[in-house]
Amino acid sequence: MVCNLFHFADLTMFHEDFAKAKHIAIITGAGVSAESGVPTFRGQGGYWRKWQAQDLATPEAFSRDPSLVWEFYHYRREVMRSKMPNPAHLAIAECESRLSKQGRSVVIITQNIDELHHRAGSKHVYEIHGSLFKTRCISCGEVKANHKSPICPALEGKGEPDPSSKDARIPVEHLPRCDRRGCNGLLRPHVVWFGETLDSDILTAVEQELEKCDLCLVVGTSSVVYPAAMFAPQVAGRGVPVAEFNMECTPATMRFKYHFEGPCGVTLPPALERHESEAI
């Protein structure tokens, strides 16, 4: 996609808007995680065994074969043990901490489920698609953080991504189970699957943040996954400056005041670092 960049990448102009902003919303997508080496399982070459995410990340797939879906998510959880926040995550976390001391707020609205923003030190994070490291009981509905490795004994050593790997076919009673007294229901990953709606409470809170923000950054997202794809254009529609940081132009680029092209870990830190126009 070709876009007329004219003054889109003007860092000096961006710093002027940044210095004035009191409530900054940062929307992040898969591009940020990809720079930490996190696989997306989408697009060409994005396979786990013979499946892509949209084949397994559905309520129907879990109902049909919970063992296979849990193998997929167990693999993703284990992969994250070797992945670290990259300079983009760290720049966002440092910015949030620094600005909070000036009475200014930074909120992160992420489509990513890997918790790398938390690990980088960010505090004010909305995970609109859930987290790899939370479970939800399909019987009682309890949501809990879960960082166990493996998440249950039967999944130890399972989930290899190679297409020749055999499915583990773990009996449902040996898959992750709820430890709430008297429940023992089957657990599922607490993530938003294809065909499911976003949590209405989180969505309401995000909309309130977007209504009060006076600067918005869109980082590493293709702006094609809804409803998140509409967040930044809605902010731009009320005259608030929006800066896009991405490897390429997106369908929403021309609606934004700024576009910084390249890896987020390269373009974002200089944009968020402290500069002379900033209050001490």
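Evaluated for a side chain to side chain contact (heavy atoms under 4.5 Å, CB included) with L217, the options V242, I26, I27 yield exactly one hit, I26. Shown are P263, P269, C264; of these, the side chain to side chain contact (heavy atoms under 4.5 Å, CB included) with P87 is made only by P269.
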Side chain to side chain contact (heavy atoms under 4.5 Å, CB included) between T110 and Y126, worked out | CA-CA 6 Å; T110 187; Y126 289 103; over 6 Å; no

How far apart are the C-alpha atoms of V32 and H89, what are their side-chain angles, what is the distance that settles it, and do they pass the side chain to side chain contact (heavy atoms under 4.5 Å, CB included) test?
-> CA-CA 8 Å; V32 180; H89 295 108; 3.3 Å; yes

Does the pair H117 and T28 meet the rule for a side chain to side chain donor-acceptor pair (under 3.5 Å), with working shown?
-> CA-CA 10 Å; H117 283 299; T28 69; 2.9 Å; yes

Take V191 and K134 through the side chain to side chain contact (heavy atoms under 4.5 Å, CB included) test and state the conclusion after the steps.
-> CA-CA 8 Å; V191 296; K134 288 179 182 171; over 6 Å; no

Could you give me the CA-CA distance, side-chain angles and deciding distance for R169 and D65, then say whether salt bridge (charged side-chain N to carboxylate O under 4.0 Å, His left out) is met?
-> CA-CA 8 Å; R169 301 284 172 207; D65 194 343; 3.0 Å; yes

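Expressed to the nearest 0.5 Å, how far CE of M80 lies from CG of D114 amounts to 4.5 Å. For the atom pair CG of L68 and CG of D167, the computed distance is 5.0 Å after rounding to the nearest 0.5 Å. Remark: N86 CG to L116 CG distance equals 7.5 Å, nearest 0.5 Å. Note that CG of L132 is 9.5 Å distant from CD of E127, once rounded to the nearest 0.5 Å. Distance OH/Y73 to CG/L155: 14.0 Å, rounded to 0.5 Å. To the nearest 0.5 Å, atoms CD (E209) and SG (C216) are separated by 11.5 Å.
Looking only at side-chain heavy atoms (C-beta outward), P161 and R49 stay at 4.5 Å or farther from each other. Put simply, the side chain of I128 does not reach to within 4.5 Å of the side chain of V192, judged on heavy atoms. Side-chain contact check for E96 versus I108: some heavy-atom pair is nearer than 4.5 Å. The shortest distance between side-chain heavy atoms of C152 and H174 does not fall below 4.5 Å. Residues C137 and C183 are in side-chain contact: their nearest non-hydrogen atoms beyond the backbone lie under 4.5 Å apart. The closest side-chain heavy-atom distance from R98 to E94 is below 4.5 Å. C178 has its side chain out of reach of S139: every pair of non-hydrogen atoms, C-beta onward, lies at least 4.5 Å apart. In this structure, the side chains of Q54 and T58 stay at 4.5 Å or more apart for every pair of heavy atoms.
In this pair, F18 and H15 present their aromatic rings perpendicular. The plane angle is above 60°, beyond the 30 to 60° band. Ring orientation note: the planes of Y75 and W48 are tilted relative to one another, at an angle of 30° to 60°. Between F245 and F14, the ring planes are perpendicular. Angles over 60° get that label, and only those under 30° would be called parallel.
Checked by atom type and distance alone, the side chain of R255 never pairs as donor or acceptor with a backbone atom of P233 at under 3.5 Å. Under a 3.5 Å cut-off, the side chain of N246 and the backbone N or O of C249 do not form any donor-acceptor pair. With hydrogens and angles ignored, the 3.5 Å screen pairs no side-chain donor or acceptor of E160 with any backbone N or O of S165. Checked by atom type and distance alone, the side chain of S33 never pairs as donor or acceptor with a backbone atom of A30 at under 3.5 Å. Checked by atom type and distance alone, the side chain of S122 never pairs as donor or acceptor with a backbone atom of H118 at under 3.5 Å. Judged by distance alone, the side chain of D214 and the main-chain N or O of H23 form a donor-acceptor pair under 3.5 Å.
What you find for L215 and P241 is that their closest heavy atoms are CD1-O, 3.5 Å. Of all heavy-atom pairs between V172 and P66, the closest is CG2-CG, 4.4 Å. Among all heavy-atom pairs drawn from W70 and L187, the shortest one is NE1-O, 2.8 Å. Of all non-hydrogen atoms in M84 and S36, the two that sit nearest each other are O-OG, 2.7 Å. In this structure, D10 and M13 approach most closely via the heavy-atom pair OD1-N, 2.9 Å.
Geometrically, R188 engages W193 in a cation-pi contact, judged by NZ or CZ lying under 6.0 Å from the ring centre and within 45° of the ring axis.
Among residues at least two apart or in separate chains, side chain to side chain donor-acceptor pair (under 3.5 Å) pairs with a member in residues 228-245 are E244-T250, E244-T253, E244-H259.
Put simply, M247 and Y258 are part of two different groups of oily side chains (I, L, V, M, F, W, Y) that touch within less than 4.5 Å, one to the next. L198 and V235 fall within a single hydrophobic cluster, where Ile, Leu, Val, Met, Phe, Trp and Tyr side chains are chained together by heavy-atom contacts under 4.5 Å. Residues I24 and L90 fall into different hydrophobic clusters, defined by Ile, Leu, Val, Met, Phe, Trp and Tyr side chains chained together at heavy-atom separations under 4.5 Å. Under the 4.5 Å side-chain heavy-atom criterion for ILVMFWY residues, a single connected hydrophobic cluster contains both L186 and F72. With hydrophobic clusters built from ILVMFWY side chains whose heavy atoms lie under 4.5 angstrom apart, I92 shares a cluster with L11.
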Considering only distance and modelled atom types, tabulate donor-acceptor pairs under 3.5 Å from the side chains of residues 143-150, sequence neighbours left out.
from, atom 1, to, atom 2, distance (Å)
K144, NZ, D179, OD1, 3.1
K144, NZ, D179, OD2, 3.4
N146, OD1, R77, NH2, 3.1
N146, OD1, K148, N, 3.0
H147, NE2, E115, OE1, 3.0
S149, OG, E78, OE1, 2.9
S149, OG, E78, OE2, 2.9

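Between H190 and T135, the side chains place no donor N or O within less than 3.5 Å of an acceptor N or O (distance only, hydrogens not considered). With no hydrogens or angles considered, a side-chain donor-acceptor pair links Q111 and T221 at under 3.5 Å. For the 3.5 Å distance criterion, the side chains of S164 and D162 qualify, holding a donor opposite an acceptor.
Within 6.0 Å of CD in E156 there are 12 or fewer heavy atoms belonging to other residues, nucleotides or ligands.
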